[in-house]
2 protein chains.
Amino acid sequence: MKFSKKSEYALRALLELTAQYGRALLQRHEIAKRQHIPIEFLEQILLALKNAGLLASRRGVSGGYSLIKPPDEITLGQVIRILDGPLAPIGCVSKTAYQKCSDCPYVKKGSCPIQDVMGGVRNAIAEILDNYTLRDFAGQATRQ
Amino acid sequence: MKFSKKSEYALRALLELTAQYGRALLQRHEIAKRQHIPIEFLEQILLALKNAGLLASRRGVSGGYSLIKPPDEITLGQVIRILDGPLAPIGCVSKTAYQKCSDCPYVKKGSCPIQDVMGGVRNAIAEILDNYTLRDFAGQATRQ
DNA sequence: TCTATTCTAAACTGAATTACTCAACTATTA
DNA sequence: TAATAGTTGAGTAATTCAGTTTAGAATAGA
């Protein structure tokens, strides 16, 4: 039940990009340095965030990355789903990527005890992460 | 953020053992058949549950497994921690297996935005799973 | 236009984990 | 003592994780 390093690094990178929002572009080596993230690995992550429509980038001498949307319109749930896939602890309770169980004996019965509990767990997780934006998140970081 | 098959099979096996609680021993092949679990894999799981003190077993002709504690004293949280380790989404917010972050720039600052959110997520998960017992769980299954 | 800089894209790698499987045991009972 | 049933440990194929490498394409400035 762990989030991957990718998700963690993505959130840390977005912390930097949020602090920089509305100002100059931020380069990957700067993000890597400030957050202690291996730069080649960070590249992959920034690319994924870009392809998912969260970041814009420019190449060349004064290139870099920037947030494409206001920080209060991006939730941690969105970010984590990009890097780690669905939040649900088992496939059959995912709302964004539902998968039918193949071998569960309760499938036919209409109600499955595991599904009931895990549905609750999924909702509890999503409730937090889908309502927590990058602005809330970066606010925590800069408050002090 | 998924639970393993081990955890899922463990919960399904415990559903059978809970229904059988206070009655005769239940054999692994019977559990395997009813829940469609590969028997050799199930063995491993039952053994882990036994070593963790949840099950008793007897060998020989009329052997089998049984719950060693009343179903309302075993929570899903306990079971999942046995098979999958801590519930926390990152090591630095685990209460049962805390691990200090090595490279996080917020370590020194006394407050980390990731830790704050993920702590909330951990608590939300634990709140559900540590308060849901096998009795609640099996009640769901037999109610209909 | 040349060149240094920066992002892009994909393949690659070593280590760990997952989900099983197998084989050889030991204990129990009829 | 034979059959049954749990115990233990090792093995394995497939996948995932975390990170590296390499080659390329866009951009700005000289």
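Residue numbers begin at 1 in each chain, while the letters A, B, ... track the order of the sequences.
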K.L.:
To check you understand the geometry: which heavy-atom pair defines the closest contact between B/L25 and B/G64, and what is its length?
P.N.:
CD1-N, 3.7 Å
K.L.:
What pairs meet the side-chain hydrogen bond (donor to acceptor under 3.5 Å, both in side chains) rule with one or both residues in residues 10-25 of chain A, with sequence neighbours excluded?
P.N.:
A/E8-A/R12, A/R12-A/Q35, A/E16-A/R34, A/E16-A/Q35
K.L.:
Using a cut-off of under 3.5 Å, enumerate the N/O to N/O pairs linking the protein to nucleotides 19-22 of chain C.
P.N.:
unit_1	atom_1	unit_2	atom_2	d
C/dA19	OP2	B/K5	N	3.1
C/dC20	OP2	B/Y9	OH	3.0
C/dC20	N4	B/Q44	NE2	3.0
C/dT21	O4	B/Q44	NE2	3.1

K.L.:
In residues 52-61 of chain B, which residues come under 4.0 Å of DNA chain D by heavy atom?
P.N.:
B/S57, B/R58, B/R59, B/G60, B/V61
K.L.:
Please give me every residue in residues 83-90 of chain B whose heavy atoms get under 4.0 Å of an atom in DNA chain D, ordered by residue number.
P.N.:
none
K.L.:
With heavy atoms of chain A within less than 4.0 Å as the criterion, where does contact along DNA chain D begin and end?
P.N.:
D/dA18 to D/dA28
K.L.:
Spell out, as yes or no, whether a donor-acceptor pair under 3.5 Å connects the side chain of B/Q115 to the backbone of B/V93.
P.N.:
no
K.L.:
Round to the nearest Å and state the distance from A/L25 atom CG to C/dT6 atom P.
P.N.:
12 Å
K.L.:
Just checking B/Q99: does its CD atom have more than 12 heavy atoms from other residues, nucleotides or ligands closer to it than 6.0 angstrom?
P.N.:
no
K.L.:
Please list all pairs passing the salt bridge (charged side-chain N to carboxylate O under 4.0 Å, His left out) test where one or both residues lie in residues 73-91 of chain B, with sequence neighbours left out.
P.N.:
B/R81-B/D130
K.L.:
Which residue pairs pass the salt bridge (charged side-chain N to carboxylate O under 4.0 Å, His left out) test with at least one member in residues 52-61 of chain A, sequence neighbours excluded?
P.N.:
none
K.L.:
Exactly one of B/V79, B/L134, B/L17 should register a side chain to side chain contact (heavy atoms under 4.5 Å, CB included) with B/L54. Which one does?
P.N.:
B/V79
K.L.:
Only counting residues at least two apart or in another chain, list the ones meeting ring pair (Phe, Tyr, Trp, His ring centres under 6.0 Å) with B/F41.
P.N.:
B/Y9
K.L.:
Over how many whole Å does the gap from A/I45 atom CD1 to C/dT8 atom P extend?
P.N.:
14 Å
K.L.:
Write out all pairs satisfying salt bridge (charged side-chain N to carboxylate O under 4.0 Å, His left out) with one or both partners inside residues 91-100 of chain B, taking only residues at least two apart or from two chains.
P.N.:
none
K.L.:
Tell me the side-chain hydrogen bond (donor to acceptor under 3.5 Å, both in side chains) pairs involving residues 45-57 of chain A, sequence neighbours left out?
P.N.:
A/K50-A/S57
K.L.:
Applying side chain to side chain donor-acceptor pair (under 3.5 Å), name anything that partners B/H36, two or more places apart in sequence or on another chain.
P.N.:
none
K.L.:
To the nearest Å, how far apart are A/L49 CG and C/dT8 P?
P.N.:
12 Å
K.L.:
I'd like to check the side chain to side chain donor-acceptor pair (under 3.5 Å) partners of A/K2; sequence neighbours left out, ordered by chain and number.
P.N.:
none
K.L.:
With heavy-atom distances below 4.5 Å as the criterion, would you say the side chains of B/T133 and B/I74 are in contact?
P.N.:
no
